[in-house]
Amino acid sequence: MSSNSQPTTIYQQDVPRRHAPITATGVLGWMRANLFRTWFDSILTVVATLFLISAIIGFIEWTVGAANWYSVLRNLSNLMVGSLQASPEALVRVNLMTLLLAFGIGVSLRAWSRVGLRGWLWTAGVSALFVVIPALTSTLPLPPSMVTSGSIAVVSGSVSETPISTFTFIGRAGETIRLAVADEAGQDDQNLASISAFGDRAADALINAARAQVAAQTRLAEIERLLSDESLAAGQRALLTSERDNLTEDVEVISERYALNSADVAVRVLAADGETVLVEGLLSPGGEALTYTLPEDGWYILDHAVQAEEANTLLQLQGVYPVLERSVTRTRLDADGNPMVSRTGQTQTESFIQHVRLTDDFTTEAAVPRIDGEDVTRYLFVNNQYRGIRDLTDYLVLHFGPFFERTGRAVLPSVGLVALGYLLMQLLDRVLPPVPPAPKLSRRVAFWLWFAMPFVVYFIIAGTDARNWGGLFLTFLLTAVGIVLSFPIGVLLALGRRADDLPVVKYFCILVIEFVRGVPLITVLFLASLALPLVNPALSEVPGAVRAMVAITIFSAAYLAENVRGGLQSIPPGQVEAAKALGMNPVQVTLRITLPQALRAVIPALVGQCISLFKDTSLVAIVGLADLTRIADIIVAQAEYIGLRRETYLFVAALYFIFSFAMAYVSRKIELSGSGAARQVQL
Amino acid sequence: MALFRDERFIKIFLQLVFVAVFFTGLILLVQSVASALAANNLTPTFAFLDERAGFAIAGAETYYSPDDSYWRAYVVGLENTLRVIVVGLPVTTILGIIVGIMLLSSNFLVRSIAQFVVEVLRNTPLLVQLFAFYYIVILALPPVQNSIEIPEGNPLLVLNNRGIVFPELIMTPRFALFAVIALVGVAIGAAFWSESGKIIERTGRVIPRVRGTLAIVIGVGILGYVVASLPPPPTTITVVRDGGTMEVAVSESLEENILTPEERASVARTPLTILYPQRAGLRYQNGNPYTATYIALTVSLIIYTAAFVAEIVRAGIMAVDRGQIEASRALGLSFERTLSLVILPQALRVIIPPLGNQYLNLAKNSSLAIAIAFADLFQVSTTIINQRNQTVSVFAMVMVTYLIISLSIAYVMNWINGRFELVTRDTVIKRPLWRRLGDWVNYTVLRRPHVER
Amino acid sequence: MKTTNAEAIIVCNKVNKWYGDFHVLRDVSVQIAQKEVVVVIGPSGSGKSTFIRCINRLEEHQEGDIIVDGIPLGNDVRNIAAIRSEIGMVFQQFNLFPHLTVLQNITLAPMQVRRQSRAEAERKAMELLERVRIPEQANKYPGQLSGGQQQRVAIARALAMEPKIMLFDEPTSALDPEMIKEVLEVMKDLARSGMTMICVTHEMGFAQEVGDRVLFFDQGRIVEEGTPETFFDLSAEHHERTRAFLDQIL
């Protein structure tokens with residue numbers, strides 16, 4: 001303003017645009033910003049990376065090498081439906097319900113969302129896993145079974161095991177078994193210690209002893225190395241020397257101690273009657289293997305005797321696997337295959353013992369073979385767990401493949417129904433396109449489908465015995481019933497709590513809500529199971545699951561009321577005033593104006609409550625209902641699955657996680673899509 | 001019928017109908033329960049509370065025996081519940097804040113690992129976590145005779161499958177002198193605090209107020225500790241054994257470990273002395289023992305709840321407008337000042353209401369103790385019910401107790417929340433004394449801020 | 001003034017109201033004739049909004065009488081309903097129902113309260129939308145409209161109940177300046193068509209153009225009333241409060 005005498009400076013030369021420095025963009029830039037921002041960050045990154053790597057490696061090593069997933073694999077249907085698995089009819093009903101829900105999910109996906117090409121590819125890819133993995137792993141060879149034949153009791157630590165000469169196993173018609181001497185394993189202790197296979201007790205003791213021996217040798221070598229150091233302090237030297245002396249006293253070569261694989265073994269395979277000899281032969285170290293094809297399904301007996309006074313020979317068997325005993329309850333069927341009904345109208349059930357082969361689903365109901373009036377020892381799972389660190393092949397064929405095969409039976413049809421529902425709705429929307437402002441037809445179908453769902457599901461499951469409900473099915477049922485039934489109660493309580501001009505109603509609602517919210521769910525559950533029969537003795541006849549539903553409904557209603565109240569509070573008072581000014585009465589105002597808006601606003605909170613409730617239903621395990629958590633607890637208490645808590649709990653936790661995480665994911669999607677609370681703000 | 005068209009009358013009438021229906025239902029219910037109970041000779045009464053309980057409570061052997069009354073057993077259960085809550089709340093808060101800060105870390109790996117752990121903990125049931133922690137971690141610890149002692153010899157921590165033992169800190173007769181000197185230190189510190197405050201306000205000079213006060217208090221405290229430790233300890237001690245008294249040399253007796261904790265305290269040189277846990281057969285003597293079930297429950301609750309608290313802390317800090325931070329940096333405030341003067345006060349306003357709900361959840365979830373047979377309020381109560389069939393009376397007691405616990409926590413949290421609320425035109429600054437009761441109802445029940453669980 | 005008592009459609013006699021202990025309306029007495037357009041002005045907090053909200057019972061007055069079209073307003077729910085269906089109201093914040101489309105907003109009350117058929121209600125609604133000049137927005141949600149459009153929908157919604165009286169509670173205060181005009185145009189049309197209107201507004205131009213009478217509120221009472229010509233004439237005689245107010249705004 002003041003000095004316009006100075007001429008303006010004109011910069012004619014253009015400054016060319018350049019790329020940002022490489023350290024500020026791309027991968028390097030990201031790493032700098034997210035991993036190595038400061039020296040402290042860099043240290044954290046290194047520590048976290050090391051932690052992550054060790055955790056992941058540790059987990060994979062455990063899963064593949066050591067974890068025993070049989071408690072899960074053998075109990076999949078138990079974990080899913082509990083005691084309902086015993087009744088074929090109930091299973092049909094549960095499956096029907098699952099497929100219906102899957103269909104509903106497919107319809108809703110189309111109605112409120114879109115599945116793009118990527119979504120389809122993902123679905124197809126994941127579904128293919130359930131087909132491809134079992135197909136691939138079934139081509140892998142099963143691990144051998146190690147069986148000790150001999151006369152010397154094997155001692156390992158405080159354990160002493162005498163080899164058993166006769167045991168029984170089950171097999172399918174047409175399966176080939178192969179019997180041979182385990183030549184390699186018997187050569188030296190190093191080989192013996194590194195066996196990974198099934199094994200009987202004596203073989204297990206042998207392996208353990210060999211491992212101890214190998215460990216002792218390693219330690220001895222270490223001590224010798226330390227002692228060779230001249231500068232060693234006298235005290236240290238004395239300690240090491242005494243340790244060496246102790247070790248050398250103990251050390252004995254296991255393969256020599258038991259004259260391992262020094263003698264031939266005469267083997268016979270007998271039929272289930274214990275008399276008919278199907279095949280017999282002499283197995284010698286380094287000699288030919290004996291193979292035999294089983295003629296029919298069922299029990300066989302293997303008989304083996306070492307041909308020397310003092311010798312143990314380790315046999316390696318293919319096609320002979322541990323057998324699991326389990327007690328099964330199921331509906332009795334008459335000659336026509338219809339369920340038998342007692343005079344009181346209850347379906348009759350029967351319990352009997354089944355034997356299942358550990359490595360696959362092969363099952364027999366025939367009685368265990370007897371010789372001289374005594375059961376022949378079974379090649380039992382309890383005594384015959386997998387020995388050693390499993391290699392990847394064995395993990396794939398024993399656990400990974402079967403898991404995908406079995407879960408695939410449930411997952412694949414469900415995915416199919418989801419796809420079917422989606423495609424049908426796509427077709428519908430294309431054939432009958434909506435006229436605005438009417439919503440898409442698929443949306444209406446979805447709405448009415450979910451509206452009808454509780455009733456349909458009720459009809460489907462009403463035919464099952466509530467006393468047998470269990471597993472994930474019960475967990476879902478309790479959650480769904482809790483949410484659906486508590487919804488109207490919760491809304492009423494919320495409206496009541498907001499009724500400022502009806503103080504009596506208001507304070508009553510406050511009292512109910514705060515009382516229920518102030519006490520733990522478990523007390524409400526106990527009250528329902530202990531105190532309900534006091535109201536009327538007839539109520540003690542009500543199944544526990546139904547009583548739990550009552551408790552959960554009341555509990556959930558109080559929390560739901562608070563959520564809805566939050567939604568009601570978020571509605572500006574002008575809405576009610578406008579509706580009143582239009583002449584609407586209080587009921588119309590509530591039904592047409594406040595509630596619809598409040599419910600939209602609290603959808604995320606309601607899904608959050610679904611998740612809480614889904615997890616909270618685990619508490620029914622404490623009052624003795626067989627939900628997912630309790631089934632896991634029951635499984636690990638059974639003799640054959642003792643020590644498998646980690647695997648079982650991990651699986652159950654993963655199940656809970658998958659479903660509640662999926663619910664949270666959907667909730668986040670709804671929030672983002674703006675069909676919930678966001679609409680008010682966004683539009 | 002003009003009356004029935006009167007707004008005021010309709011409201012009163014509706015409420016009368018409601019009350020009538022409600023009380024009729026209630027009376028019918030109570031009558032039917034009462035008659036059913038009377039028919040089974042189970043009329044509710046509290047008289048049984050004075051009778052002998054007859055059951056033992058693990059971990060409470062030193063102050064409770066089966067010969068005590070049911071009431072005493074109930075109180076022991078309540079104490080156990082409170083022990084879980086009192087330890088659980090602060091530790092949960094600290095852990096939750098740490099993890100919450102990790103969730104906000106600029107380091108991708110730290111953030112992702114924290115996120116993964118938090119999601120896993122939030123999306124699996126507490127009961128499954130409790131089972132897993134108790135059976136897989138705690139019960140897998142070695143038995144008592146092979147306890148893990150850290151460090152060995154004089155352990156600060158003993159771990160075995162029955163629980164854990166910490167050393168005991170006991171006061172010796174010298175503690176009185178130390179306490180007097182330390183109190184003088186606190187008094188000087190307080191004086192320094194207020195005086196320096198005045199100087200700062202008057203002159204604006206920079207005085208390291210916090211550090212100065214801490215230095216005075218800690219310095220005088222250490223001085224007191226040293227002074228109290230100066231007099232030499234006695235060389236001999238008179239002990240009473242088997243009715244007779246004898247004089248023994250202190251050094252010898254300590255070596256042979258024949259002194260009771262009280263006697264050891266009396267000959268110790270310092271105002272405080274540590275009693276290390278020592279294994280005696282199948283149990284540990286000295287030290288503070290915690291049963292395996294207590295540890296399992298408390299740790300599970302802390303870890304589970306901390307995951308939720310972490311998420312709340314993260315959301316609370318994220319809720320502070322970026323502009324606030326920029327404004328305070330623009331004013332030249334340091335990062336620490338920005339954090340303590342701008343971010344935290346605003347974040348706390350968002351954090352406290354849901355945090356209070358998590359505290360309530362922790363308190364209520366402590367009732368899961370029954371799943372692993374930890375003798376808390378609820379577990380003891382079910383035992384009593386099983387023995388005496390006094391379902392109604394015991395449940396009434398249990399529910400009222402839990403309600404009192406819940407309402408107390410709600411009251412404290414809402415009071416704290418009130419202190420952090422933004423001052424607006426509606427803020428009532430001073431309330432007359434007579435409205436305090438109304439305030440209480442307000443804080444605990446009526447105006448409880450709505451938050452998602 | 002063209003009013004006489006015989007034609008009065010709204011009669012307020014010594015209306016008093018308190019919020020807690022705060023005396024918000026003090027002896028407010030006024031009579032409003034059919035087809036009269038009354039503009040209520042006054043400083044904020046003077047009770048003018050409270051006054052018109054009392055007329056359709058969004059607020060309850062504690063003393064005095066309000067008679068609308070011969071129906072006394074009291075605690076009788078039937079009378080309240082009758083009065084509300086004769087009075088349309090337009091709010092400062094529009095208060096459209098965000099979960100319903102524009103068309104649904106307008107047809108809701110005729111269908112729910114007047115029990116009209118959907119077809120009839122929708123035909124009527126489209127007519128009204130034509131009248132407020134936004135028929136093309138019928139299937140949008142309120143959130144998709146501008147403030148001025150929303151306020152015009154609100155007017156259409158109120159008109160759909162075929163009220164005899166319209167209350168406007170600062171209808172242009174929440175609008176951007178360029179939208180005020182479109183709303184005022186609609187209101188002027190309405191006034192010219194012979195609707196009885198009570199408008200609380202700060203739009204002095206509107207008051208002068210279509211107002212029949214101006215009521216000036218201060219501290220809960222009517223301080224002055226008169227025709228726009230005399231009221232806005234600074235040379236005329238005025239109450240000191242009025243003069244202070246007029247000095248501020250003119």
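Per chain, numbering begins at 1; letters A, B, ... match sequence-line order.
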Gap between atom [atom2] of [Y] and atom [atom1] of [X] - 0.5 Å precision:
| X | Y | atom1 | atom2 | answer |
| --- | --- | --- | --- | --- |
| A/Ser618 | B/Leu130 | OG | CG | 10.0 Å |
| A/Leu521 | B/Ser367 | CG | OG | 8.0 Å |
| B/Asn123 | A/Met663 | CG | CE | 9.0 Å |
| A/Phe526 | B/Phe395 | CZ | CZ | 7.0 Å |
| A/Ile658 | B/Thr124 | CD1 | OG1 | 12.0 Å |
| B/Asn107 | A/Ile43 | CG | CD1 | 11.5 Å |

(request) Please say whether more than 12 non-hydrogen atoms of neighbouring residues, nucleotides or ligands are located less than 6.0 Å from CZ in A/Arg498. (result)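 Above 12, so yes.
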
(request) Give a yes or no on this: more than 12 heavy atoms of other residues, nucleotides or ligands lie within 6.0 Å of atom CZ of A/Phe51. (result) no

Which answer fits [X], side chain, backbone, both or neither, if we ask what part of it has an atom under 4.5 Å from a heavy atom of chain A?
| X | value |
| --- | --- |
| B/Glu119 | both |
| B/Ile385 | side chain |
| B/Ser32 | both |
| B/Thr382 | side chain |
| B/Phe131 | both |

(request) With a 4.5 Å cut-off on heavy-atom pairs, point out which of B/Leu14, B/Ile136, B/Leu16, B/Ile404 contacts chain A the most. (result)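 Most heavy-atom pairs under 4.5 Å with chain A: B/Ile136.
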
Option that, when pairs with chain B are counted at under 4.5 Å, heavy atom only, ranks first among [options]:
| options | result |
| --- | --- |
| A/Asp633, A/Val652, A/Ile611 | A/Asp633 |
| A/Pro503, A/Ala33, A/Ala664, A/Ala632 | A/Pro503 |
| A/Asp501, A/Leu650, A/Val47, A/Leu655 | A/Asp501 |
| A/Phe40, A/Phe659, A/Phe614, A/Phe508 | A/Phe508 |
| A/Ile622, A/Thr523, A/Thr629 | A/Thr523 |

For the student: nearest non-hydrogen atoms of [X] and [Y], plus distance:
| X | Y | result |
| --- | --- | --- |
| B/Val120 | A/Phe657 | CA-CE1, 3.6 Å |
| A/Gly518 | B/Ser406 | O-OG, 2.7 Å |
| B/Met399 | A/Leu527 | CE-CD2, 3.8 Å |
| B/Ala132 | A/Tyr649 | CA-CD1, 3.9 Å |
| A/Ala621 | B/Leu127 | CB-CD2, 4.1 Å |
| B/Leu403 | A/Glu514 | CD2-O, 3.9 Å |

(message) Looking at B/Arg122, is its backbone amide N or carbonyl O close enough to the side chain of A/Lys615 to form a donor-acceptor pair, meaning the two atoms are under 3.5 Å apart?
(response) yes

(request) Please answer whether the main-chain N or O of A/Ile522 pairs with a side-chain N or O of B/Lys364 as donor and acceptor at a distance below 3.5 Å. (result) no

(message) Is A/Arg37 close to chain B through its backbone or its side chain, or both, or neither, when contacts mean heavy atoms under 4.5 Å?
(response)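 When you check distances to chain B, only side chain atoms of A/Arg37 fall under 4.5 Å.
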
(request) Using non-hydrogen atoms and a 4.5 Å limit, figure out which bit of A/Leu52 sits close to chain B: side chain, backbone, both or neither. (result)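 For A/Leu52, the contact with chain B is made by the side chain alone.
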
(message) Which residues pass the side chain to side chain contact (heavy atoms under 4.5 Å, CB included) test with A/Thr49, not counting sequence neighbours?
(response)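 Partners of A/Thr49 by the side chain to side chain contact (heavy atoms under 4.5 Å, CB included) criterion, ordered by chain and then number, come out as A/Thr45, A/Ile53, B/Leu109.
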
(request) State, yes or no, whether a side-chain contact exists between B/Asn357 and A/Arg517 at a heavy-atom distance under 4.5 Å. (result) yes

